[in-house]
Number of protein chains: 2
Amino acid sequence: MSPIRQMLSESGLTEQQWRVLRVLNEHGALEPSQLSKHAALLLPSQTRIVQSMAQKGFVVRREHPNDRRRTVIEITDMGQAIINDNAAKAAEIAAQIRDKLGPRRFETLLDILDDLRDLE
Amino acid sequence: MSPIRQMLSESGLTEQQWRVLRVLNEHGALEPSQLSKHAALLLPSQTRIVQSMAQKGFVVRREHPNDRRRTVIEITDMGQAIINDNAAKAAEIAAQIRDKLGPRRFETLLDILDDLRDLE
DNA sequence: GCAATATATTTAACATGTTAATGATTTCGA
DNA sequence: TCGAAATCATTAACATGTTAAATATATTGC
């Protein structure tokens with residue numbers, strides 16, 4: 001992740017904040033519990049992360065229409081801009097890693113990690 | 001790691017503190033930089049971890065014979081006792097995970113992770 | 001309809017991760 | 001040998017990880 005972190009530091013984002021933006025960009029607005037699954041964050045961490053991202057204007061929180069315990073988290077135009085600025089470079093970095101490891105080994109790694117997650 | 005953490009919590013240890021004890025048990029007394037490599041800890045984290053472990057009596061810090069910048073960290077009898085109490089169970093848990101994943105996939109995972117580390 | 005329970009999230013408290021700055025000592029070269 | 005540079009470790013500051021407790025709202029069963 002080191003090259004990714006280096007890229008993000010220029011936008012003032014952490015690796016986790018970047019993951020939140022990417023998930024919201026891909027899935028649209030999400031409730032906290034859904035977001036936490038896709039972004040691989042525990043809810044307490046995510047709460048803090050989303051709070052600071054909301055303060056900086058990268059996301060907004062709306063009321064959930066049916067359930068007042070929940071909220072809905074949505075990416076802003078400013079968050080979108082960050083995605084647009086970094087998506088290409090991030091994809092390139094990921095491709096480099098995949099190629100260095102070998103595409104076959106890379107797929108195998110993802111498979112095994114999936115299995116590991118399901119073990120618990 | 002969840003079952004390991006559960007086991008350790010009964011001894012009041014974290015996963016990282018357990019790793020420090022295991023490395024010191026296996027390699028004998030070590031300087032901070034050597035310990036950090038074997039235990040996969042960054043030095044600032046390790047400094048805090050070793051400080052709290054020293055306070056609790058699991059390790060001791062001695063002077064380095066030739067270089068006063070360094071110290072030597074050593075496991076105590078009390079730390080040894082923790083190892084003795086938990087080693088068997090930890091090995092059993094590790095074996096269970098390896099078996100669930102399949103011994104072959106487990107080895108493949110270790111290989112790929114080694115390669116990943118060398119990429120940087 | 002209301003109390004008990006369940007659900008969704010946040011807060012709290014402490015441990016670790018991460019990067020940069022600082023401190024202390026050693027080493028090297030003029 | 002003396003001062004600059006290198007080395008080793010710690011401290012500082014902030015972000016996240018992790019577990020337990022607290023809060024707020026919904027749901028269920030009587």
Side-chain angles (χ1 to χ4, degrees), chain A residues 1-23 29-56 58-74 117 120, chain B residues 1-23 29-56 58-74 117 120:
Chain A
M1 292 308 299
S2 173
I4 293 281
R5 276 203 290 263
Q6 193 170 343
M7 170 188 81
L8 294 175
S9 71
E10 297 170 13
S11 303
L13 285 186
T14 66
E15 181 187 332
Q16 290 81 356
Q17 293 168 354
W18 168 248
R19 208 152 64 227
V20 165
L21 285 186
R22 275 174 44 210
V23 169
L30 288 177
E31 304 163 20
S33 56
Q34 302 303 313
L35 175 59
S36 81
K37 283 171 190 164
H38 291 297
L41 294 168
L42 294 182
L43 278 171
S45 287
Q46 182 181 280
T47 296
R48 286 180 311 222
I49 291 165
V50 168
Q51 281 170 349
S52 95
M53 292 177 76
Q55 282 219 332
K56 294 173 187 165
F58 298 130
V59 299
V60 290
R61 303 177 49 167
R62 300 198 320 257
E63 287 187 357
H64 188 284
N66 306 326
D67 189 336
R68 290 169 52 188
R69 291 170 301 184
R70 313 182 191 187
T71 62
V72 177
I73 304 166
E74 192 175 10
R117 180 177 48 198
E120 314 292 327
Chain B
M1 291 309 298
S2 172
I4 293 281
R5 278 204 288 264
Q6 192 170 343
M7 170 188 82
L8 295 175
S9 71
E10 297 170 13
S11 304
L13 285 187
T14 66
E15 181 189 331
Q16 290 81 355
Q17 293 168 354
W18 169 246
R19 207 151 66 228
V20 166
L21 285 187
R22 274 173 44 211
V23 170
L30 288 176
E31 304 162 21
S33 56
Q34 302 303 313
L35 176 58
S36 82
K37 283 172 192 164
H38 290 298
L41 294 169
L42 294 182
L43 278 171
S45 288
Q46 180 181 283
T47 296
R48 286 180 310 223
I49 291 165
V50 168
Q51 281 169 348
S52 95
M53 292 177 76
Q55 281 219 332
K56 294 174 187 164
F58 297 131
V59 300
V60 290
R61 304 178 48 169
R62 298 197 321 256
E63 286 186 358
H64 188 285
N66 307 326
D67 190 335
R68 289 170 52 189
R69 292 170 301 185
R70 314 182 191 188
T71 62
V72 176
I73 304 166
E74 192 174 11
R117 180 177 47 197
E120 318 291 329

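All chains are named by letter (A, B, ...) in the order of the sequence lines, taking the proteins before the strands, and each is independently numbered beginning at 1. Computed from heavy atoms alone, side chains included, the values below leave out hydrogens, waters and symmetry copies.
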Engineer: What's the CG-P distance between A/Asn66 and D/dA26, to the nearest Å?
Structural biologist: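 One finds 10 Å between P of D/dA26 and CG of A/Asn66, rounded.
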
Engineer: Does the side chain of A/Ile49 come within less than 4.5 Å of A/Gln17's, by heavy atoms?
Structural biologist: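 A side-chain contact exists here, since the closest heavy-atom pair is under 4.5 Å.
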
Engineer: By nearest atom, which of the nucleotides D/dA15, C/dT10, C/dT25 is closest to the A/Thr14 side chain?
Structural biologist: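 Nucleotide nearest to A/Thr14's side chain: D/dA15.
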
Engineer: Taking atom C1' of C/dT10 as reference, at what distance in whole Å does atom CG of A/Leu42 sit?
Structural biologist: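 The distance from CG of A/Leu42 to C1' of C/dT10 comes to 14 Å, rounded to the nearest Å.
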
Engineer: According to a strict under-4.0 Å criterion, is A/Ser9 in side-chain N/O contact with OP1 or OP2 of C/dT19?
Structural biologist: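 No.
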
Engineer: Taking B/Leu41's backbone N and O only, do any of them form a donor-acceptor pair with B/Ser45's side chain (distance below 3.5 Å, no angle check)?
Structural biologist: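 Not a single qualifying donor-acceptor pair exists.
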
Engineer: Picking from D/dG17, D/dT10, D/dT19, which would you name as closest to the side chain of A/Arg48?
Structural biologist: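 Comparing D/dG17, D/dT10, D/dT19 against the side chain of A/Arg48, the answer is D/dG17.
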
Engineer: So does A/Met1 get a backbone contact from the side chain of A/Glu15, meaning a donor-acceptor N/O pair under 3.5 Å?
Structural biologist: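 Not a single qualifying donor-acceptor pair exists.
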
Engineer: Tell me whether the OP1 or OP2 atom of C/dT16 has a side-chain N or O from B/Ser45 closer than 4.0 Å.
Structural biologist: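 Answer no for this pair, as no side-chain N or O of B/Ser45 is under 4.0 Å from OP1 or OP2.
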
Engineer: Provide, to the nearest angstrom, the distance between the CD atom belonging to A/Glu63 and the P atom belonging to C/dT9.
Structural biologist: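 Result: 14 Å.
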
Engineer: On DNA chain C, compare the nucleotides closest to B/Arg69 and A/Gln46; which residue's is nearer the 5' end?
Structural biologist: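 The residue mapped nearer the 5' terminus is A/Gln46.
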
Engineer: To the nearest angstrom, how far is B/Ile49 atom CD1 from C/dT18 atom C1'?
Structural biologist: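 Rounding to the nearest Å, CD1 of B/Ile49 and C1' of C/dT18 are 13 Å apart.
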
Engineer: Would you indicate whether the side-chain heavy atoms of B/Thr71 and B/Val50 approach each other to under 4.5 Å?
Structural biologist: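 B/Val50 vs B/Thr71: side chains apart.
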
Engineer: Could you check B/Glu31 against A/Asp67 and say which one's nearest nucleotide on DNA chain D is further toward the 5' end?
Structural biologist: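 Result: B/Glu31.
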
Engineer: Does B/Arg61 place a side-chain N or O at less than 4.0 Å from the phosphate oxygens OP1/OP2 of D/dT10?
Structural biologist: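 Yes, B/Arg61 has a side-chain N/O under 4.0 Å of OP1/OP2 on D/dT10.
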
Engineer: Can you measure B/Leu30 atom CG to D/dA9 atom P for me and round it to whole angstrom units?
Structural biologist: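 Computing the B/Leu30:CG to D/dA9:P distance gives 11 Å.
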
Engineer: Using OP1 and OP2 only, check whether a side-chain N or O of B/Arg5 sits under 4.0 Å from D/dT18.
Structural biologist: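 Checking D/dT18 against B/Arg5, a side-chain N or O does come within under 4.0 Å of OP1 or OP2.
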
Engineer: Starting at CD of B/Gln6 and ending at C1' of D/dT18, how long is that distance when rounded to a whole Å?
Structural biologist: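 After rounding, the reported distance stands at 14 Å.
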
Engineer: Can you check whether A/Ser33 has a side-chain N or O nearer than 4.0 Å to OP1 or OP2 of C/dT9?
Structural biologist: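 Checking A/Ser33 against C/dT9: at least one side-chain N or O falls below 4.0 Å of OP1 or OP2.
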
Engineer: Which pair of non-hydrogen atoms, one from A/Ala39 and one from A/Arg19, has the smallest distance, and what is that distance?
Structural biologist: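 Closest heavy-atom pair between A/Ala39 and A/Arg19: O-NE, 2.7 Å.
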
Engineer: Has B/Gln16 got a side-chain N or O lying under 4.0 Å from the OP1 or OP2 atom of C/dG17?
Structural biologist: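 For B/Gln16, the contact criterion (side-chain N or O under 4.0 Å from OP1 or OP2 of C/dG17) is met.
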
Engineer: Give a yes/no answer on whether the side chain of B/Gln51 brings an N or O atom under 4.0 Å of OP1 or OP2 in D/dT11.
Structural biologist: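 It does, given that an N or O in the side chain of B/Gln51 lies less than 4.0 Å from OP1 or OP2 of D/dT11.
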
Engineer: What is the distance from CG of B/Leu13 to P of C/dC14, rounded to the nearest Å?
Structural biologist: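 Rounding to the nearest Å, CG of B/Leu13 and P of C/dC14 are 18 Å apart.
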
Engineer: Could you please name the option among C/dT9, C/dA12, C/dA20 that lies closest to any side-chain atom of B/Pro44?
Structural biologist: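 Among C/dT9, C/dA12, C/dA20, the one nearest the side chain of B/Pro44 is C/dA20.
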
Engineer: Can a side chain N or O of A/Gln17 be found less than 4.0 Å away from OP1 or OP2 on D/dT16?
Structural biologist: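 So the side chain of A/Gln17 is within the cut-off, an N or O lying under 4.0 Å from OP1 or OP2 of D/dT16.
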
Engineer: Please tell me which of A/Thr47 and A/Glu15 maps to the more 5' nucleotide of DNA chain C, matching each residue to the nucleotide holding its nearest heavy atom.
Structural biologist: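 By nearest-heavy-atom nucleotide position, the 5'-most residue is A/Thr47.
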
Engineer: Identify the heavy atoms of A/Val72 and A/Glu63 that sit nearest to each other, and give their distance.
Structural biologist: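 Looks like CG2-O, 4.2 Å.
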
Engineer: Calculate the interatomic distance between B/Met1 atom CE and D/dT19 atom P; express it in whole Å.
Structural biologist: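 Going from B/Met1 (CE) to D/dT19 (P), I get 11 Å.
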
